[in-house]
Student: 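Below is one structure. I have some questions about it.
Just so you know, these numbers use all the heavy atoms, side chains as well, and skip hydrogens, waters and symmetry mates. The shown structure was predicted, so the numbers you read here are calculated from the model rather than taken from an experiment. Residue numbering restarts at 1 for every chain, and letters A, B, ... go by the order of the sequence lines.
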Amino acid sequence: MAELTYREAVAAGIAQEMRRDPSLVMLGEDVAAAGGVFKTTVGLLDEFGPDRVRDTPISEQAILGAAMGASMTGVPVIAEIMFSDFLAVCWDMIANEIAKSRYMTDGQVSFPLVIRTANGGAARFGAQHSQSVENWAMMIPGLKVVAPSTPADTVALMAAAVRDPDPVIFFEHKSLFATKGEVPEVEVVGRLGEASIVREGSDATVAALALMVPRALEAADRLQQEEGISVEVIDVRSLVPLDTKTLLASVEKTSRLFTVEENPRLCGWGAELISIVGEEAFWNLDGPLVRITTPHIPLPAAASLEDLAIPSVDRIYETVKSSLR
Amino acid sequence: MAELTYREAVAAGIAQEMRRDPSLVMLGEDVAAAGGVFKTTVGLLDEFGPDRVRDTPISEQAILGAAMGASMTGVPVIAEIMFSDFLAVCWDMIANEIAKSRYMTDGQVSFPLVIRTANGGAARFGAQHSQSVENWAMMIPGLKVVAPSTPADTVALMAAAVRDPDPVIFFEHKSLFATKGEVPEVEVVGRLGEASIVREGSDATVAALALMVPRALEAADRLQQEEGISVEVIDVRSLVPLDTKTLLASVEKTSRLFTVEENPRLCGWGAELISIVGEEAFWNLDGPLVRITTPHIPLPAAASLEDLAIPSVDRIYETVKSSLR
Amino acid sequence: MYDYSSRPSRLPLPVDERMASADIDLGQRKSIYRSLQELRQFEKRAHDLFLQNLVKGTTHLSLGMEAVAAGFGAAMRPDDYTFATYRGHAHALARGMEMGPAMAELLGRSNGVLGGKGGSMHLTDVSRGMMGSYAIIGAHLCIANGAAWSAQMRGSGQVTVCFFGDGTTNIGAFHEALNMAKVWQLPVVFVCENNLYMEYTPIDLITAVPHPAADRAASYGLESVIVDGNDPDAVYLAAGKAIGRAREGGGPALIEATTYRTGGHSRADPAKYRPLEEVEAWAQRDPIPMYHARLLGLGVAEGELSSIERDVAADVDAATEFAKAGEEPTGEALLTEVYADGSSRWRN
Amino acid sequence: MYDYSSRPSRLPLPVDERMASADIDLGQRKSIYRSLQELRQFEKRAHDLFLQNLVKGTTHLSLGMEAVAAGFGAAMRPDDYTFATYRGHAHALARGMEMGPAMAELLGRSNGVLGGKGGSMHLTDVSRGMMGSYAIIGAHLCIANGAAWSAQMRGSGQVTVCFFGDGTTNIGAFHEALNMAKVWQLPVVFVCENNLYMEYTPIDLITAVPHPAADRAASYGLESVIVDGNDPDAVYLAAGKAIGRAREGGGPALIEATTYRTGGHSRADPAKYRPLEEVEAWAQRDPIPMYHARLLGLGVAEGELSSIERDVAADVDAATEFAKAGEEPTGEALLTEVYADGSSRWRN
Ligand SMILES: Cc1ncc(C[n+]2csc(CCOP(=O)(O)OP(=O)(O)O)c2C)c(N)n1
Ligand SMILES: Cc1ncc(C[n+]2csc(CCOP(=O)(O)OP(=O)(O)O)c2C)c(N)n1
Ligand SMILES: [Mg+2]
Ligand SMILES: [Mg+2]
């Protein structure tokens, strides 16, 4: 075991896979010489050289086009889109080209590619650099979507994403980059589509993702200590494929579901989980299905406002407590 | 009253508003001389001239940029994006610029603009020209989102959208263009944020949008006739603002909610409605919350496949029937 | 009043008679002639079937523009890559896609080359290097770069050729793709088929320069190249040169091929927005009768050409029968091939 | 090993001494000097406050590049429109945004010009024609067109000036905006501040032409214009010419102003990816000492200049106090101004 930061885990995961597969390449803005604006690709240029680790112009459509065309002709690719907000400037490449071309061609082409991007708020970057857009990706058929919350999961899911023959959108959370955790020193390979029960409990299920996972855990601890409420916390990890088994089994046990999501309220991944449970586990439920979300607003820049916008430990705590009362 | 097709109603609504407000302008690809690829803007160039009705290059970002910049400096705009699939090529303009700039500037700027676009399937246009992307728009804070199902609503909501000081995404359904309906010959102005109960019923609520409305109505008629099941059908019409009052009141009465949506399954508007009801009307519910959706796939081109993909009268009928049993 | 059809016509150049004596093997020319016939006859049939409502949705034909596809098709190596638009039938056939599965795809049948899932706008046949037809303007230029990058990295010597229209030069992706291609010296040839119109709007009215592609080549450090897109020999030579240079590591090229579509943009568009005189002048420059005459001039027997024409007609008939005999795809196909495991499973 | 700082330096041109005798009113020059001082001193303070963790998130400073904003600011009419990027402090101040509310915005206070909602990257002051700072590359060029189109339709005579960096010339929106501006003959002046780097990557490594903007002007039927972006007078003259022509209906312009940032791209970036020799050579070309010397040469008294400097220092101190005295915005503000009714209500 080694202790790595989440940002180091990104580089470690990529490096592990680039060592394994000499055909794997990487591209993006400032990813090579500078090691990425979030320092998540430090060392890769030196180890793998400028043919495999490429700095690009500010041309997100060309970046993803390069990734798509290369992957469909035998060269697997990791592409970085610096901030997930910028997925919007290349959304056609993602939603209409990469996601749909396999189906449109009845399986003639595959896209072994990973689109990595820094997602999420709490860094005071304002409305155009702070969004959580995992729901944008989840709603597009043909994509796979993951968002790790720990360094170990980052390495494991990076490996799984790279080895998966389908396009994977890989959301790295900016406000987790500095967090630390143990990562095995052997080869680490996770599986897409597996949620993780990060805390067991019996009174309510709380499903969370990325930065919301540690917050949900902290709220759960407090609920236990202060209110005697036993909360099961699920780290969803993979939105597509979605581990509905773990989710439904947990709700069967607890009879209550709360989701904690950073994306704005309407049509978020929380709504999807709620809808699945509201249809398939309706008769197990003992009370309302509750979403805890960022309000349906752009994110403000000021620290005091941003802290009010994104679900906090307090808000999770209060919502679960008052709803279970 | 005059009988208009839905496509004529689009032009009629725009013309009504351009007559009222001489500063209102329109732009898009092939919208002027050709009257639009769907013939929804026929006659406007002749009536209002080339300064107010402009053909553009194939430059969707520039089209929406022009709309945004003009509207924020005093010139209201109707912009056409030919197919809603193409919103992806200008998604940054919509999701990051138009939707967020009012908030980011603390209200210094307003965007009185309407983005019209042909949405939806059943026209055998394949995966890149058939999507229902109303959920893309709904999930972005700062936008308003409407999708009429009749010619009369088309005129009324067009007027409402144009007069609204906020950006409105106006989804016209391709497979409704040829449908006909009565439209008053006086000035018609609707209101955003009002759903319409298009059929009263007591056993279940079915919420539908655009092309799904006539299908839901037909299914409801058959359910009544063949099964004696009384279905209330709500034409949601406006996703943002959302008329939750009408929805919740209906569910209070019927105790069951079904949504019928054309967008692919995950994170659709149906999930949002289900989630609202699953939290706020949970204790009114007598059974599972059920979504009837297009599967989570890109749309196929072949008629036989497309008909299987998009919710049909039969599928609505069968789902409601078996779920109420 | 605001009718574009009253604008001055943009007339074709006269045929460059020197092309007749260009150094092109006669066998090659005959096979180009066959290709022209295939594209023409296939698409005329597709249009008939559309009018009979057997082809649903839409079609975008290359009638009148076949010389570009045929000329390039002849100049490409079998393992080279083609990227095309929704107006892609001609390019697919020119790379050797079989007519039967192509026609069946237009009819939405399960024996279609895409099993009915893609339709007219998305013809793809990876086994022939036909890497897809893309229906949203601009994207495929970026994707073509990726295939070229892959070939460069694999050292395969494959060249990618990417076709698109004049209208496409005004979208952002064009700019991003051309710049990246040059910076990375990718083996890719971009071919603008300038047919003077986007859908219904004349290209010169919405473009800042007269030659939408050629006048922009310098922005990407590229040579400005204009070729007569209605002359198969001229296209073949220009294609050979650009492809050859790209194959040798000389980097990308941008070629503007001037041409004209005989019919409308898509479906049943009568294309009335064009001046009559212009339509007629270009009809005089139809590549097929011109090439027919050229081959006769080069000593090919009339009978040999008409036998090619008859052969192709029989192929098109057979393809039509093949297509009509196909089943409509059923529910099973609906949920396959979203993901590489063959399924559309997004949950467990 | 793959360190860009070992690449050859790109050195500044020598000062064009003829500018000293250009026909510019001395009062105008003094006010340009004041503007330079304001931009410089404000941003130095902003950087200090960032290092003290009073400014959170990020800042992008124009230190070393002030001549572009100051020169344009001086040439614009009060009702003209400015569109800027996340590197927008200088442009906001050059249009007259008050320093107090600007600084308060950086500190995320409710007395900020955006109430704390926007932050450093989105400074906007519509009352001064400062139409916004946009943080996603490319978009604002398209939006600037819209403002210009509006002015054209209203016949207001307003000109729109849109600033952006060298790296921005490679994104699709650049291409779409420039083409549309020319086709519609919009009164808009596009200004590329070429500081030789995108974030950390040298522009020439990822661009197909040496002058990312000027070498592409021809693609849009525009003249190629390069101006010394470190010489306020040169900028002022070029700005006046382009703005004047646009105002008279002469259509858009594209100007490439060559310049250099003294510091890093953003926040605490030490900018070590640049050759030392290059950094030092450009430091020698800092616009402020140069302009100071020029004004002395034109007979302005040293004392007059230092009194300007002191005045500005006092203003910056006052702005800092104003900002620090502001409250942190509270929950109420969180949910306002999503929609024009002032609320964020998306349901009834
Ligand atoms: C992004 C996008 N915008 C608009 C369209 C609609 N559209 C399809 S074809 C076409 C015209 C294309 O013109 P051109 O590039 O000249 O090609 P041509 O059809 O003439 O071959 C347009 C506007 C589209 N498919 N994608
Ligand atoms: C679409 C998009 N891609 C990437 C970024 C990240 N980014 C911010 S500034 C920048 C460099 C911009 O370079 P340039 O245009 O030269 O402007 P400068 O910062 O040098 O003023 C990049 C890549 C962004 N904001 N938007
Ligand atoms: Mg064309
Ligand atoms: Mg720069």
Side-chain angles (χ1 to χ4, degrees), chain B residues 23 25 27 51-52 54 56-75 77 89-90 92-93 96-113 138 141-145 164-166 193-194 239-247 276, chain D residues 81 83 112-119 121-127 131-154 156 158 160 172-173 175-181 183-184 186 188 333 336-342 344-348:
Chain B
S23 72
V25 295
L27 83 169
D51 278 350
R52 294 182 64 196
R54 294 215 176 186
T56 68
I58 308 176
S59 304
E60 279 79 4
Q61 296 182 82
I63 291 170
L64 294 193
M68 177 173 172
S71 71
M72 78 197 274
T73 53
V75 174
V77 184
V89 301
C90 46
D92 177 54
M93 296 304 312
N96 290 331
E97 314 298 340
I98 290 170
K100 295 184 168 51
S101 291
R102 178 181 189 85
Y103 188 79
M104 292 193 309
T105 63
D106 203 21
Q108 285 190 43
V109 281
S110 287
F111 303 98
L113 66 86
M138 189 180 195
L143 302 177
K144 293 179 175 172
V145 186
D164 196 276
D166 289 313
E194 285 186 1
L239 291 172
V240 182
L242 183 67
D243 184 356
T244 55
K245 278 195 184 144
T246 297
L247 178 73
I276 291 168
Chain D
Y81 295 130
F83 286 80
V113 63
L114 313 171
K117 281 179 172 151
M121 294 205 280
H122 299 297
L123 294 184
T124 305
D125 186 349
V126 170
S127 73
M131 303 307 290
S133 306
Y134 298 81
I136 301 190
I137 297 290
H140 74 302
L141 283 80
C142 296
I143 307 167
N145 272 346
W149 181 35
S150 152
Q152 186 185 58
M153 285 187 293
R154 290 182 284 108
S156 68
Q158 292 160 290
T160 297
H175 182 65
E176 295 193 12
L178 269 287
N179 182 62
M180 187 182 273
V183 171
W184 291 4
L186 298 177
V188 56
T336 61
E337 295 301 351
V338 175
Y339 297 112
D341 67 1
S344 58
R345 259 192 313 276
W346 54 267
R347 60 178 288 184
N348 58 10

Student: Calculate, to the nearest 0.5 Å, the distance between atoms OG and CD belonging to B:Ser101 and D:Glu337 respectively.
Tutor: 13.0 Å

Student: Between D:Val183 and chain B, with a heavy-atom cut-off of 4.5 Å, which part of the residue counts as in contact: side chain, backbone, both or neither?
Tutor: neither

Student: Distance alone, cut at 3.5 Å: any donor-acceptor contact between the side chains of B:Thr73 and D:Ser150?
Tutor: yes

Student: Is any side-chain heavy atom of D:Val113 closer than 4.5 Å to a side-chain heavy atom of B:Asp106?
Tutor: no

Student: Considering only heavy atoms, which portion of D:Tyr339 lies under 4.5 Å from any heavy atom of chain B: side chain, backbone, both, or neither?
Tutor: both

Student: Hey, does the side chain of D:Asn348 reach the backbone of B:Thr244 with a donor-acceptor pair shorter than 3.5 angstrom?
Tutor: yes

Student: If we define contacts as heavy-atom pairs under 4.5 Å, which of B:Leu239, B:Thr105, B:Val77, B:Val240 has the most with chain D?
Tutor: B:Thr105

Student: If I measure from the heavy atoms of chain B, does D:Trp346 come under 4.5 Å with its side chain, its backbone, both, or neither?
Tutor: both

Student: Quick one: closest heavy-atom pair of B:Glu97 and D:Ile136, and the distance?
Tutor: OE2-CB, 3.8 Å

Student: Do B:Asp51 and D:Met153 come close enough that some side-chain heavy atom pair is under 4.5 Å?
Tutor: no

Student: Given a strict heavy-atom distance threshold of 4.5 Å, which part of B:Ile98 is in contact with chain D: side chain, backbone, both, or neither?
Tutor: neither

Student: Is B:Met93 close to D:Ile143 at the side-chain level, that is, under 4.5 Å between some pair of heavy atoms?
Tutor: yes

Student: Within the side chain of D:Asn145, is there an N or O that forms a donor-acceptor pair under 3.5 Å with the backbone of B:Ala66?
Tutor: no

Student: Would you mind reporting whether D:Leu114 and B:Gln108 have side-chain heavy atoms less than 4.5 Å apart?
Tutor: yes

Student: Please identify, among D:Gly146, D:Ser133, D:Ala148, D:Gly112, the residue contributing the most non-hydrogen atom pairs under 4.5 Å to chain B.
Tutor: D:Gly146

Student: Could you check if a side-chain atom of D:Leu141 sits within less than 4.5 angstrom of a side-chain atom of B:Gln61, using non-hydrogen atoms only?
Tutor: no

Student: Side chain, backbone, both or neither: which part of B:Leu64 has a heavy atom under 4.5 Å from chain D?
Tutor: neither

Student: Is D:Ala333 close to chain B through its backbone or its side chain, or both, or neither, when contacts mean heavy atoms under 4.5 Å?
Tutor: backbone

Student: Using non-hydrogen atoms and a 4.5 Å limit, figure out which bit of D:Met131 sits close to chain B: side chain, backbone, both or neither.
Tutor: both

Student: Need one label for D:Ala139: side chain, backbone, both or neither, based on atoms under 4.5 Å from any heavy atom in chain B.
Tutor: both

Student: Going from CZ on D:Arg347 to CG on B:Leu247, what distance comes out if it is rounded to the nearest 0.5 angstrom?
Tutor: 9.0 Å

Student: Determine the minimum heavy-atom distance between B:Ala62 and D:Ala177, stating which atoms define it.
Tutor: CB-N, 4.5 Å

Student: Side-chain contact, heavy-atom cut-off 4.5 Å: D:Thr124 with B:Met104?
Tutor: no

Student: Any non-hydrogen side-chain atom of D:Trp149 less than 4.5 Å from a side-chain atom of B:Arg54?
Tutor: yes

Student: Going by heavy atoms in the side chains, are D:Glu176 and B:Pro57 under 4.5 Å from each other?
Tutor: no

Student: Between B:Arg102, B:Glu60, B:Met68, which has the largest tally of heavy atom pairs under 4.5 Å with chain D?
Tutor: B:Arg102

Student: Identify which part of D:Gln152 has an atom lying under 4.5 Å from any heavy atom of chain B, answering side chain, backbone, both or neither.
Tutor: side chain

